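Here's the structure we're looking at; comments come further down.
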Number of protein chains: 2
Amino acid sequence: MPRPSRWPELLHAAGQEFREHGYEQATLEGIAARLGILKGSIYNYVSSKEELLLAVVEQPARALLDELESLRADTESGVAVRLRELVRMQIRIFSEYYPAAFVYLQHLGHLEASPQFAEFKQMDARYMAAVEALVAEGAANGEFSLAAEPRVVARAIVGMIDWMQHWFTPHGEEEDLRLADQLFALALGGLAAGGSMRAMLGALPDPLTRIEVETRR
Amino acid sequence: MPRPSRWPELLHAAGQEFREHGYEQATLEGIAARLGILKGSIYNYVSSKEELLLAVVEQPARALLDELESLRADTESGVAVRLRELVRMQIRIFSEYYPAAFVYLQHLGHLEASPQFAEFKQMDARYMAAVEALVAEGAANGEFSLAAEPRVVARAIVGMIDWMQHWFTPHGEEEDLRLADQLFALALGGLAAGGSMRAMLGALPDPLTRIEVETRR
DNA sequence: TCGGTTGCCAAACATTGGTTTGCCAACGGG
DNA sequence: CCCGTTGGCAAACCAATGTTTGGCAACCGA
């Protein structure tokens, strides 16, 4: 029988297991079982469990920063448009790298704590700073009219999105986009967005097509 | 030397330790060390580590539901006012039961997974349902004009608040209230809340007094 | 065909950390 | 004053699980 490198499989299996049980609870045995191998064999690919977590989480994290960079390059669009793109992007990446991105969000704490991941802490800080700058820019040029400090606004928006892991499971691109635009509309116009503000929001997604929601929060 | 029951101390120590290291990483030894006793001695108070987590988390969880109940009893105030109270309440409880409430939010997943905590899962579901109902009521009576489904709106608001654990550490009642009202203003009016919507928001908190923010997100 | 490399098995290892047990000192009500 | 209760110590127990080691079979390029 053929013997291709099963590294992608391993990554996938680890992602699944980490998502279902969390990093601590997940066992190398469980991960290995998904490939039909023994736990010891995993050490042909990585030299520790934590390194496996790193590998899983690296892809979505890097994708996030990469796209953020290209978003920064966009100096033509208005701030609101760029913010919408940011929201869309984050949800798209969440879906695209699904189990991995979920794990990333879920273990931000662990990642930032471990000295192994100083790099991630930095990546995260840069991401947060970018969002904050975007908000501040909008406030400065008059597109936004903030009722709260930019730092707080930025964190609230990011939180709204990041908490999504608890109640949303990706089902497809169309739904992802719909959800992203709903969240963006909410961020932009709040609970009153349907009224007088509707005009400046542009075409809003159809609220009649229900978005799937998990029980957990 | 006197021998008072050190149960409160234990609860406090456990809360601290769970917050700093997370439930899995925290060790009974570490908790015991805070009291100057041995880990085995903890079993005079609880019969398992998980029971200790339960005990820590029970207070804030129950407080949350209790206050939610009294909020439901309020049928006089408008929906917006009740929603503001809800936001204030959640942040107040977060601060009041600080280490414990933090642990509660951080381990929602673990709690809901463990069969031990079926009760909590139910509590959480009821809480979420209440928020959703509030949003829907506001949409129905015209106070709100939603740009997204009530389920999504409710979850976004709750997420915005719950994610707070990652960047906010309580420093005092005044600041708590200020933060709560900023978040509420954001939920109600979004990024444009300072403009045309300012009137209907009433007295907004002074955005000049900076709110302390942690580095993490 | 041959030598090295790869991927895995099989089993043992080590250590952490939750849990159990038996005992003892101090306290406090009757 | 005495006995039951409480809270803690000391040490052992034990299970889970991350990690190591040595070997072997399949594959591959030369």
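To find a chain, count down the sequence lines: A is the first, B the second, and so on, and within it residues start at 1. Keep in mind that this is a model prediction, so the values were computed, not measured.
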Among residues 11-20 of chain A, which contact DNA chain C at a heavy-atom distance under 4.0 Å?
none
How long is the line joining CG of B:Asn44 and P of C:dC24, in whole Å?
16 Å
So, is B:Arg6 close to the D:dT6 phosphate, meaning a side-chain N or O under 4.0 Å from OP1 or OP2?
no
Quick one: is A:Ser41 getting a side-chain N or O under 4.0 Å of the C:dG7 phosphate, OP1 or OP2?
no
Mind checking salt bridge (Lys or Arg N to Asp or Glu O under 4.0 Å) for B:Glu58 and listing every partner two or more places apart, or none if nothing turns up?
B:Arg62
To the nearest angstrom, how far is A:Leu53 atom CG from D:dG18 atom P?
13 Å
Quick one: A:Ile42 CD1 to C:dG7 C1', roughly how many Å, whole number?
13 Å
Contact class for B:Gly36 (heavy atom, under 4.0 Å): base, sugar-phosphate, or nothing?
sugar-phosphate
Do the charged groups of B:Arg155 and B:Glu132 touch, with an N to O distance under 4.0 Å?
yes
Rounded to the nearest 0.5 Å, how far does CG of B:Leu65 lie from CZ of B:Phe120?
9.5 Å
Would you say A:Tyr45 places a side-chain N or O within less than 4.0 Å of OP1 or OP2 belonging to C:dT6?
no
Please name all residues satisfying salt bridge (Lys or Arg N to Asp or Glu O under 4.0 Å) with A:Glu175, sequence neighbours left out, ordered by chain then number.
none
Using a strict 4.0 Å threshold on nitrogen-to-oxygen distance, state whether B:Arg88 and B:Glu85 make a salt bridge.
yes
Donor-acceptor pair between A:Gln25 and B:Glu24 side chains, under 3.5 angstrom
yes
What is the per-nucleotide protein-contact pattern of nucleotides 12-19 of chain C, from the 5' end, where B denotes a base atom under 4.0 Å from a protein heavy atom, S denotes such proximity for sugar-phosphate atoms only, and - denotes neither?
------BB
Under the salt bridge (Lys or Arg N to Asp or Glu O under 4.0 Å) test, which residues partner B:Glu29, sequence neighbours left out?
none
Parallel, tilted or perpendicular: rings of A:Tyr45 and A:Trp7 (30°, 60°):
parallel
Mind checking if B:Leu38 touches a base, just sugar-phosphate, or nothing, with heavy atoms under 4.0 Å?
base
Qualifying residues under side chain to side chain donor-acceptor pair (under 3.5 Å), relative to B:Glu51, sequence neighbours excluded
B:Ser47
